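Here is the structure we will look at.
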Amino acid sequence: MSMRKWLFATIVICVWISGCAKEREVKQQSLQGSGFMKTNTNGDMQPDHINQQTAEQAAARIKAREDIKDAVAVNTSKKLLVAYQIKHMHRFYRKQIEKEIDRQLMHLFPNYQIVSSSDLKIFWKTKELRGKIGNKDWNEKKTDQQIEKIRQLSEERT
Amino acid sequence: MANEKRKRLTSTQQEYHLFEKERETKRPVAKNCVRAFLVGGLICAVGQAISYFYMYFFDFTEQTVGNPTVATMVFLSMIFTGLGVYDRIAQFAGAGSAVPVTGFGNAVISAAIEHRTEGFVLGVGANMFKLAGSVILFGTFAAFVVALVKTVATKWGGL
Amino acid sequence: MSAMFFWAFVVGGLICVIGQILMDVFKLTPAHTLASLVVAGAILDGFGLYEPLIDFAGAGATIPITSFGNSLVHGALQEAEKHGIIGVLTGMFEVTSAGISAAIVFGFIGALLFRPKG
Amino acid sequence: MLKGHRTWVFENKPAILSTATVGGPFEANGRIADDFDLLHEDLWLGEQSYEKAHKVLLEEAMFKAMEKAGIAKEKVQLIIAGDLINQMTPTNFAARTIGAPYLGVFGACSTSMEGLALSAFIVNHGGADYILTGAASHNAAVEKQFRYPTEYGGQKPPTAQWTVTGAGVALISTYGDGPRVTSATIGRVVDMGLSDPFNMGGAMAPAAVDTIEAHLRDMQIDASYYDLIVTGDLGKIGREISLDLLRQHGMNIEEERYQDCGLIIYREGQPVLSGASGAGCSAVVAYGHLLNRMKRGELKRILVVATGALLSPLSFQQNETIPCIAHAVAIEHGGDGP
């Protein structure tokens, strides 16, 4: 009996710890990501790099919404990629919020082809891409390819 | 149904039912619910951790991460079932371990392991879904009805 | 993200409590309980209520068996959009295949690897 | 000889020459582990399937009983035994191994006393000199058939009982010494309309009460005649219910003198919920623990009332209620019957 109890307790603890460990892992990683981004945005912008003004503006606009926790955006001359995280208590209305933001962005930036998503993975990816834009060997073509990739990923369904 | 059953009983039988009910050990419903909540919640939290893992290290989005997560949970369920631990957890957790997809996996895997002695074709093959089959049947049929009604309603009902 | 874990725990736990009540108070067998929950999941998705729950609780809504009914309906509706009414029949397992195929594959592997411990 | 309505009195007083009990790992941790002749550490008993292990349990008990009495298997003229598995295949195969004439009996968990009553009757009337009788059950094999796969995670309610892995066998003869079988009362099927397969004790209690009352009435004796009245596998709930029923019917019976095999076999703290059950339960407790106590002189006269729930998984699924039965056999030291 005691053996069985022990076994059970061990398993519960193992499962729990592994769950927590994973969570921490993920958190750390995402923190690293944000640090990475910061150093890059603070770095000197090369003149031949794509102007990210539109993206900054879009991100600020979305972030200003009260149901949005965070937003990040990247643009090329033709495309605008916006990824955002919805505040948890508003996630019930995710579909409506997505639609609204789409409409909002299309209205604000009619000259761009807009890709937007509330998906966490897309958010991470966009953030990563945003960081890369500061790099010397980065160019518009690469950004365009990356945006296309992210768009495809965001449209994938099971 | 229960009432119908009761009506068929004679008065002596009904009397005994009451007599027996008084002395029967009651199921500890409140305690069971707390345990089901804790274990069921824990299993779901583990599932959440696994899906974040897949999202972070592989190209899965919130939309697509469901499949690998479910597959991993069923895999874990196989390990726990095979080691003879899942039924012990279940005696403690009740629905907490039966309702998550791991419980579905356990139903399939335990039947498969159990009937291996009757061979892989007639034993494992034929008995694998003897418990989980009803879940698939009712899920599929209910989905069929729901989807049919919804499709018809949107197409011709102008909804 | 921690909010996600919290709500996954709470919502998943609550769905299990519903299952426990079905078993203990309504005296259903586990098979009846699971079948009821799957049907409930399918109906909820019919009303468009299950997807928001998944958005809100993540694994707390996708791990319980109720999501099985939800994904069956989803697959059927997706196909129905593309191919009309016949899609209801053909699309059903499009989304749910992972759970069933994983259970079949691991069930067989389990039968190869393990014996019942009793 | 028939006495009263349904009780046999055995005037030639057949003796239980020897008994043997075999148990599994769970029983080895139980309260009466010392009373087993053989205990297995492995639930599989080294066999390929639980059903085969089940057969081996019974075979081993049979061989051990013959060995203890010094009777060669050629001298055994009849085997009367049974178990819970479909078509009683484990018992059939064990009987094949012994090679003696064989009658398979099914009385669910009451098989042990059904077999003993029949054996005593046949021996008493000269139908055979040596009869092997017994019953066996194997937890995993029975669970597999009656409930769910053994590894399936289904929560059992507190009314559920744990199937014993074990076999108990007795060798009955009119020659030789041993505790005497003096009388037996054959039960009738009692169905009080209960249908919960996880609450057998509650369903079987009225059957036990019916048989005990019939026995005492037919024998014209009081419950205090016996040092111990022991029921088969009523468990906590069934025992309490039957005791209350007996008292309600005006029977004077002391708490300590009314026990249940399903509560004797396991220790407090083993996860058996309401108690033990299974065809092997009454067999191993009666043929092991209780007869040992008789040999030590702690008990002079006992009445073993083995109870059985005559349901199948099929009948339960078809919404049938649970028919129950109980057979009582009186075993007395030296055999000075009333």
Side-chain angles (χ1 to χ4, degrees), chain A residues 1-34 83-86 88 91 94-95 98 115-129 146 148-158, chain B residues 34-94 96-97 100-103 105-106 143:
Chain A
M1 185 58 202
S2 61
M3 164 79 179
R4 199 160 292 144
K5 267 185 184 160
W6 173 83
L7 196 66
F8 179 72
T10 324
I11 284 152
V12 168
I13 290 165
C14 286
V15 170
W16 191 42
I17 287 174
S18 63
C20 291
K22 264 177 203 135
E23 183 186 10
R24 200 173 306 125
E25 201 173 25
V26 173
K27 264 187 189 156
Q28 271 170 2
Q29 303 271 10
S30 63
L31 280 175
Q32 276 169 12
S34 66
Y84 49 91
Q85 284 183 296
I86 300 169
H88 204 97
R91 282 182 71 96
R94 182 174 171 174
K95 291 266 140 57
E98 277 176 353
V115 181
S116 80
S117 170
S118 64
D119 202 286
L120 187 61
K121 179 71 186 177
I122 305 298
F123 185 82
W124 289 340
K125 282 246 165 198
T126 311
K127 219 165 185 180
E128 200 188 312
L129 177 61
Q146 284 294 317
E148 196 51 31
K149 257 192 192 163
I150 291 174
R151 189 187 61 79
Q152 277 170 8
L153 188 64
S154 77
E155 278 168 10
E156 250 178 51
R157 290 281 178 279
T158 10
Chain B
V34 171
R35 288 166 163 187
F37 178 76
L38 292 177
V39 177
L42 191 74
I43 292 175
C44 292
V46 170
Q48 189 66 47
I50 291 173
S51 52
Y52 276 150
F53 171 82
Y54 279 117
M55 277 162 68
Y56 199 83
F57 292 103
F58 302 92
D59 272 350
F60 289 110
T61 62
E62 282 178 46
Q63 293 292 330
T64 54
V65 81
N67 281 349
T69 306
V70 164
T72 310
M73 294 300 276
V74 173
F75 173 76
L76 290 177
S77 171
M78 174 191 86
I79 299 293
F80 283 115
T81 305
L83 295 177
V85 182
Y86 206 89
D87 55 333
R88 307 276 152 82
I89 298 174
Q91 182 58 36
F92 173 83
S97 63
V101 73
T102 47
N106 168 254

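Because the structure is a prediction, the values reported are computed rather than measured. Chain letters run A, B, ... following the sequence lines, proteins first and then strands; every chain starts at 1.
Taking the six-membered ring where tryptophan is involved, the planes of Trp124(A) and Tyr52(B) are tilted, since the angle between them lies from 30° to 60°.
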Could you list the donor-acceptor pairs under 3.5 angstrom formed by side chains in residues 34-48 of chain B, with sequence neighbours left out?
from, atom 1, to, atom 2, distance (Å)
Gln48(B), OE1, Ala59(C), N, 2.7

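Pairing each heavy atom of Leu153(A) with each of Asp59(B), the nearest pair is CD1-O, 3.5 Å.
For Leu120(A), the parts sitting under 4.5 Å from any heavy atom of chain B are the backbone and the side chain alike. No part of Ser117(A) comes within reach of chain B, as not one of its non-hydrogen atoms sits under 4.5 angstrom from that chain. The part of Phe58(B) that comes within reach of chain A is its backbone (N, CA, C, O), which places non-hydrogen atoms under 4.5 angstrom from that chain.
Other residues, nucleotides and ligands place more than 12 heavy atoms under 6.0 Å from the NZ atom of Lys95(A).
Of the listed residues (Val65(B), Thr64(B), Thr61(B)), just one forms a side chain to side chain contact (heavy atoms under 4.5 Å, CB included) with Asp119(A), and that residue is Thr61(B).
Side-chain contact check for Glu62(B) versus Ile122(A): every heavy-atom pair is 4.5 Å or farther apart.
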